Amino acid sequence: MRVLLVGAGGVGTAVTRIAARRPFFEAMVVADYDPARAEAAVASVDGDERFLAERIDAADEAAVAALLARHRCDVLLNATDPRFVMPLFGAARTAGATYVDMAMSLSRPHPERPHAECGVKLGDAQFAEADDWAAAGALALVGMGVEPGLSDVFARYAADELFDEIEEIGVRDGANLTVEGYDFAPSFSIWTTIEECLNPPVVYEADRGWFTTAPFSEPEVFDFPEGIGPVECVNVEHEEVLLVPRWVKAGRVTFKYGLGAEFVETLKTLHRLGLDGTTPVTVPGERGPVRVSPRDVVAACLPDPATLGELMHGKTCAGTWVRGVKDGAPREVYLYHVVDNQWSMAEYGSQAVVWQTAVNPVVALELLATGAWSGAGVLGPEAFPARPFLDLLTEYGSPWGLREQ
């Protein structure tokens, strides 16, 4: 397997550090718009000759396709933010490469009823091309991070091995992470965080299909394992709700994120001020007016999440809560994966949230390389057997857990 990794930020760099310990691939080309970031990611793997750095503009579909061909890469792993999903998706198809991402094509709210009806849903643009990928025998594995990704694998595992009938699947994400010296320092890309938290959340119900609610709706307190404890979680737009029902039969599917009251209020303030917008506005510059996206300004004013590891303390938990029936009796479980920031920093030099995101696509790549996972079309993690993934994740030194509720 020869991999083109596009994006050498926190997650992309963690991908290289995790993959460097595994023998399943022949080469990994690390490409980024900023060549210094790509070179730093390659330098972090201690002279492993399988890795090399390139510069690429992820928005330039033709250039990405040419880079895939030049290095004879048969897989493109997208570690950029969702703005670049479609050009990278298209480049992989043009080059005949397998495509893997950790977030899907962007949504657009319904123009008249944004908090009741779906407009363009997450992943719609990719699923619109599913028949073409399937007809060509090509695979796009979409939503293969931690959430979405591992959370979807948990849903498939629950359906296959834990339940006869599933009434509800709810992805629940929470943490007790703190960052020294900062009043507000998101542990993941603020661009992506704004996108998923301020868009109308999507809910799925079997008798209704997909519909939307208001941001931060239906608050509930969820008790997270391994010392994290109770965290208030709210509805957030996320890919699992769009993916799980395509392959797993369930009466209801939701995604709720433990943001905390202060984080929610900060996001609401950004929205009130228009600082969550992506349409460029004109601002004064040293050499005259400059067009800049307000959301990019917010991102530039905040610390890079990849640099916060030494200042972070605590744990992060990603998991899938499932309620249903097994052998005629009610059952309720929480399948989860916890990463301690102290461990991930000591073991890999990557902070917990980006490491937890990065490990899952590497596991998936190894399963594709060995043939344990295979398929054609645009497929989510639920389309593949869960047990090989969970077993390999444990082999990577990062076990998962199951708690009866």
Side-chain angles (χ1 to χ4, degrees), residues 143-177 204 220-231 233 238-241 243-245 247-258 314-341 343-344 352-353 355-364 366-367 372-373 380-405:
M144 191 59 256
V146 59
E147 291 173 340
L150 178 57
S151 49
D152 305 72
V153 172
F154 284 148
R156 172 65 185 267
Y157 176 75
D160 286 351
E161 302 197 27
L162 303 180
F163 290 86
D164 298 322
E165 178 183 348
I166 293 177
E167 297 164 4
E168 185 167 1
I169 295 174
V171 179
R172 299 293 184 264
D173 179 305
N176 61 0
L177 293 168
Y204 173 84
E220 67 175 61
V221 175
F222 192 85
D223 186 19
F224 289 91
E226 298 194 22
I228 295 173
V231 179
C233 299
H238 231 252
E239 285 90 344
E240 291 94 326
V241 180
L243 285 170
V244 170
W247 289 279
V248 177
K249 186 177 181 181
R252 178 177 166 90
V253 182
T254 60
F255 180 97
K256 293 189 179 183
Y257 196 4
K315 300 176 181 179
T316 184
C317 178
T320 304
W321 164 75
V322 187
R323 177 174 59 85
V325 176
K326 178 65 174 178
D327 297 328
R331 190 180 192 187
E332 189 175 334
V333 303
Y334 183 57
L335 298 141
Y336 63 89
H337 183 251
V338 172
V339 178
D340 187 318
N341 188 72
W343 174 85
S344 64
V353 176
W355 189 91
Q356 188 182 45
T357 304
V359 68
N360 294 286
V362 180
V363 171
E366 183 159 347
L367 293 174
W373 276 12
E382 306 86 347
F384 301 89
R387 174 58 74 176
F389 187 100
L390 297 175
D391 288 346
L392 189 55
L393 180 64
T394 300
E395 184 182 314
Y396 272 52
S398 189
W400 54 282
L402 186 157
R403 182 180 70 187
E404 297 282 351
Q405 298 287 87

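Here the structure is a predicted model, which is why all the values come from computation and not from measurement.
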Donor-acceptor contact below 3.5 Å, side chain [X] vs main chain [Y]:
X: Glu404; Y: Arg331; answer: no
X: Asp340; Y: Lys315; answer: no
X: Thr394; Y: Pro399; answer: no

Results of side chain to side chain donor-acceptor pair (under 3.5 Å) for Glu240 - residues two or more places apart only:
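Expected list: Ser151, His238.
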
Partners meeting side chain to side chain donor-acceptor pair (under 3.5 Å) with Thr254 (sequence neighbours left out)
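Thr254 satisfies side chain to side chain donor-acceptor pair (under 3.5 Å) with Arg172 only.
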
Are [X] and [Y] close enough that some pair of their side-chain heavy atoms sits under 4.5 Å apart?
X: Ile169; Y: Val248; answer: yes
X: Phe255; Y: Glu239; answer: no
X: Leu392; Y: Glu366; answer: yes
X: Leu162; Y: Leu335; answer: yes
X: His337; Y: Ser398; answer: yes

Charged N-O contact under 4.0 Å between [X] and [Y]:
X: Glu165; Y: Lys249; value: no
X: Glu382; Y: Arg156; value: no
X: Glu332; Y: Arg323; value: no
X: Glu161; Y: Arg387; value: yes

Are Trp247 and Phe384, when compared by the centres of their aromatic rings, separated by less than 6.0 Å?
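Not close enough - the centres of the two rings lie 6.0 Å or further apart.
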
Determine, using ring centers only, whether Trp321 and Phe222 are less than 6.0 Å apart.
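Ring-ring flag for Phe222/Trp321: false, centres at least 6.0 Å apart.
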
Report the relative orientation of the aromatic rings in Tyr334 and Phe224; use parallel for angles under 30°, tilted for 30 to 60°, perpendicular for over 60°.
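Aromatic pair Tyr334/Phe224 classed perpendicular.
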
Qualifying residue for ring-ring contact (aromatic ring centres under 6.0 Å, His included) with Tyr157, from Tyr336, Phe389, Phe163, Trp400
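Exactly one pass, corresponding to Trp400.
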
Please lay out, stage by stage, how Asp164 and Asp327 fare under the test side-chain contact (heavy atoms from CB on, under 4.5 Å).
CA-CA 7 Å; Asp164 298 322; Asp327 297 328; 3.8 Å; yes

Evaluate side-chain contact (heavy atoms from CB on, under 4.5 Å) for Lys256 paired with Asp173, printing each intermediate quantity in order.
CA-CA 7 Å; Lys256 293 189 179 183; Asp173 179 305; over 6 Å; no

